[in-house]
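Basis for what follows: all heavy atoms, side chains included, without hydrogens, waters or symmetry-related copies. Not measured: the values here are computed from a predicted model.
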Amino acid sequence: MIRQYDQCFVLETAHSSYILRILPTKQLEHLYYGKKLTITSCQDIVPLIEQHAFAPGNTNIYDEEHPEYSLEDMRLEVGTIGKGDIRVPFVEIIHDDGSSTNDFLYHDAKINTTRTPINTLPYATNNQEELEITLVDEAYDVTLKLYYNVYDKYDMITRRAVLINNNKNAIRLNRLMSTQLDFSTHDFVLTTFNGSWTDEMNRHDYVVESGLHINASFTGSSSSRANPFVMLSNKHTSEDAGEVYGLNLIYSGNHYEAVEVSSYGKMRFVSGINPQNFSFLLAQGEQFESPEAVMCYSDRGFNDMSQHMHKFINDCIVRGSWQHQERPILLNSWEANYFKINEQKLIKQAKAAKKVGIELFVMDDGWFGKRDNDQSSLGDWQYDPKKLPHGLKHLVDKINAIGLDFGIWVEPEMVNVDSNLYRSHPNWTIAIPGHGQSEGRHQRILDLCNPEVVDYLTKVMSKLFESADIKYVKWDMNRTFSDIYSPYLPSDKQQEVFHRYIIGLYKLLDNLTKAFPDILFEGCASGGNRFDLGMLCFMPQIWASDNTDALCRARIQKNYSYGYPLSVISNHVSSTLNHQTLRTTPLNTRYNVACFGILGYEINLADLSNEALEEITKQIAAYKVHRKTFQFGTFYRVNQVLHNWCVVSDDQKDAMGMLLQELVLPHHQYHQFIARGLKEDSHYHFFNEAKQYNVKLFGDLINTASPVHIKQDSLAHQVVAKFVKMPGEVEDIHTTGSVLMQGVGLKQAFSANGYNENVRYFQDFASRLYFIEEESEMK
Ligand code: DGJ
């Protein structure tokens, strides 16, 4: 709901309010963003207004008639340069006369019942109301429009800006942010999620005390270095209580989130396109659109904020025919084969996949051109006849005949110098003509600033996707930008390259997703190098990380869940030793982590033992039963130490929980599993899947029970292991939701004092999956 009370605007969601007003000096003053307030008149808003009498210290007074206002000490909706505000600005323009001073003053406002589209960028759908405020800098004849959209039930407010140059002289736009929040205090913790390849989403909490803290990417993509999702919370906010703002950007390029504490103890947050190496030349009549920022407030802790984000992303960011659809379980060929694929091998692996219940077979890198390593062929999207002698369609038909859908890997934005595409279009890459180029994975980035390249890629990809029954596309992007230069653009527009590339990318994705509405696209950029809301507007799921180690994944996936729903996080069970860490983890732990989200396998099934294949068959069967909840349920992070997670179906009848132990602590064997999100008063059945353990897992402890000595790994040991299985612990409890949410005391973990069916075999990296089902009556 959006209302105007005289000079004030009130934006309301189910549990939050956002309030601003027009100052007597005509700037927009930010008054409040937080827990919902009851506002019925102008009078009710008065206490939210700071009572300024004289501006502080040696600050500049904007207008002598108002000695109380210094822009340096006002909470503003738009920070500018040159009129007294010296904090991190919202907008930065160099005018024709060389000045960078701007004075954007209120002109008019209207409340729109449908949202104003963004022409160049994707944006959230399903909004309810929009506030459009126009500010004008009369001296330079430049207009700044602010758009606020309200998403009531998601507790979400979005903001963006459009700058229009009406001046006959061109201007240089050096920064246009998407949102700005000015708080009267700085009592906050800033949380960012940083990392690198195979090490995405490390959570960092900074107590905001003074100065400027920046979270930004400069890779050309939203990046694994610093995800655009950040949080501002109170020092004592926990998963279940306390205030938190979740903040993100619908954008896939260089982004920037800055938090600055002023000399007067106030705090400003801005976010938008990274202004580094950004400058747009706007001639008369031209405009620039900033991406849409999304903001969620909760006073009920991180879980509540995340759950609102999740629903918003599922309903208003992800779109198209896969939006609320359960996603297929896939087998991806990469880690099992790398570039060494051929028709025979793939068919063998697909047959094994079908047997265990997999639904979709994905042929990853290596199938095209002469792609035997990463040094050639990107750009040449024709199958390699040496690997696929009967062609792509033949392979797809064979896979379909086995009973599996087929998916394919592409990296359309890239080209190897060793490719026919590069040889015929050397001027189609991001590169400075005549200069030596820095290389990344031996490949160059195609110049998507050039519409001819976008058209070409639309055609080439369309031809490929039409050439066989392709149901899924993994869209990869494996390098960061260097030698930032578009041969297509004139020299005075080279600082536009980063952003124009993203506009070109969105155009390409829009063309293809419209032409192939039923293909399931999965985003990937060396894993999570482009895990953002912009990509999710086109691709309903993203490969979260090239790290498939269960322990690393538990951290990575949990940290994605702060800002992104399980339905967009794609996870694979891979082989052991893990290819990224050389760590050995139990197969059930690999599954228990991967099933929270979109489940896949990336392992040579044709090489696995029958025992492993049986276990995988059971995993997949169980996942199919609970898939909807694993992908679209309400997710709770309960306990960080033991990775206690819980995901609950919408009707609260069905829930799954996980515990994962990193390292055994001797004699810390009385663990609890804590549920969340159940109906307090309903009765539930809590249970696990009873397992039988191979006696070899107990090493030479076998000799504590064996009448004859058995040497480890000897033939005798193998023979005994064939016939003797150790019973796993059984949890089987009937109780109320309130008790399960208080915590279930589990069977004690092994701690060197004996083993039987009442002891949990729980070594390093062990985990358990628990099932919780509502019952009609108490048992
Ligand atoms: C990087 C991706 O993240 C991997 O999953 C795989 O597709 C390789 N690229 C293929 O080159």
Side-chain angles (χ1 to χ4, degrees), residues 192-204 217 219 221-229 248 252 313 327 329-336 338 362 364-365 374 409 411 440-441 474-480 521-536 539-583 585 589-603 630-631 635 637 643 645 658 660 662 765 767:
T192 64
F193 296 91
N194 310 89
S196 60
W197 179 64
T198 65
D199 188 29
E200 293 85 348
M201 297 299 281
N202 291 285
R203 175 179 167 169
H204 296 288
S217 83
T219 57
S221 53
S222 48
S223 99
S224 51
R225 314 316 196 256
N227 194 275
F229 173 73
N248 209 338
S252 308
I313 292 171
R327 313 287 159 70
I329 304 162
L330 63 81
L331 177 71
N332 177 292
S333 67
W334 181 240
E335 283 195 11
Y338 294 105
V362 179
D364 207 280
D365 200 350
D374 62 9
W409 176 95
E411 194 177 358
R441 211 193 186 203
K474 178 174 171 188
W475 184 290
D476 207 346
M477 195 278 194
N478 282 303
R479 73 159 286 185
T480 61
F521 284 89
E522 175 161 326
C524 172
S526 303
N529 201 43
R530 206 164 54 185
F531 202 112
D532 60 66
L533 300 184
M535 293 312 285
L536 289 173
M539 309 197 165
Q541 58 191 59
I542 301 180
W543 175 229
S545 174
D546 271 359
N547 190 338
T548 55
D549 175 286
L551 205 64
C552 298
R553 269 299 186 127
R555 176 191 54 74
I556 293 171
Q557 290 171 215
K558 179 195 73 195
N559 286 344
Y560 274 122
S561 80
Y562 279 96
Y564 303 92
L566 301 192
S567 59
V568 308
I569 304 173
S570 158
N571 315 311
H572 296 172
V573 172
S574 64
S575 70
T576 195
L577 309 171
N578 177 269
H579 290 199
Q580 291 77 44
T581 59
L582 298 181
R583 196 186 339 252
T585 55
T589 290
R590 282 173 270 149
Y591 165 76
N592 291 347
V593 173
C595 67
F596 283 80
I598 303 166
L599 176 68
Y601 289 76
E602 191 167 336
I603 190 167
F630 276 131
Q631 297 183 353
F635 181 65
R637 297 167 299 264
H643 297 280
W645 298 350
M658 185 192 73
L660 164 61
E662 297 201 354
F765 320 135
S767 65

Side chains of [X] and [Y]: is there a donor and an acceptor less than 3.5 Å apart?
| X | Y | answer |
| --- | --- | --- |
| T581 | N578 | yes |
| T198 | D546 | no |
| E335 | T548 | yes |
| S333 | D364 | no |
| S561 | R637 | yes |
| E200 | S545 | yes |
| Y560 | N227 | no |

Under the 3.5 angstrom rule, does the side chain of [X] hit a backbone N or O of [Y] as a donor-acceptor pair?
| X | Y | value |
| --- | --- | --- |
| N478 | S526 | yes |
| N571 | L599 | no |
| Q631 | R327 | yes |
| T589 | S767 | yes |

Nearest 0.5 Å, what's the [atom1]-[atom2] distance between [X] and [Y]?
| X | Y | atom1 | atom2 | result |
| --- | --- | --- | --- | --- |
| I313 | L533 | CD1 | CG | 5.0 Å |
| N547 | S224 | CG | OG | 12.0 Å |
| D549 | H579 | CG | NE2 | 11.5 Å |
| W197 | N529 | CH2 | CG | 12.0 Å |
| L660 | F765 | CG | CZ | 9.0 Å |
| K474 | N332 | NZ | CG | 4.5 Å |

Note: R555-D199 ion pair, threshold 4.0 Å (strictly below):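 A salt bridge is present here (some side-chain N lies under 4.0 Å from a carboxylate O).
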
Would you name the heavy atoms of [X] and [Y] that are closest together and state the gap between them?
| X | Y | value |
| --- | --- | --- |
| A594 | V573 | CB-CG2, 3.9 Å |
| R583 | C552 | NH2-SG, 3.6 Å |
| M535 | S252 | N-OG, 3.3 Å |
| R590 | T576 | NH2-CG2, 3.5 Å |
| L330 | H572 | CD1-NE2, 3.5 Å |

Test salt bridge (charged side-chain N to carboxylate O under 4.0 Å, His left out) applied to D476 - qualifying residues, sequence neighbours left out: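 D476: no salt bridge (charged side-chain N to carboxylate O under 4.0 Å, His left out) contacts found.
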
Any F635 side-chain heavy atom under 4.5 Å of Q557 side chain: no

Within-4.5 Å side-chain heavy-atom neighbours: L566 and F630: no

Test side chain to side chain contact (heavy atoms under 4.5 Å, CB included) applied to V362 and E522, step by step: CA-CA 11 Å; V362 179; E522 175 161 326; over 6 Å; no

Single hit among F193, W543, F229, Y564 for ring pair (Phe, Tyr, Trp, His ring centres under 6.0 Å) with F531: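 Answer after filtering F193, W543, F229, Y564: Y564.
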
Among S217, S221, S222, S223, side chain to side chain donor-acceptor pair (under 3.5 Å) partner for D532: S222

Validation row, ring centre F596 to ring centre H643 under 6.0 Å: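 No: the rings miss the under 6.0 Å criterion.
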
Stepwise side chain to side chain contact (heavy atoms under 4.5 Å, CB included) test for L536 and I542: CA-CA 8 Å; L536 289 173; I542 301 180; 3.7 Å; yes

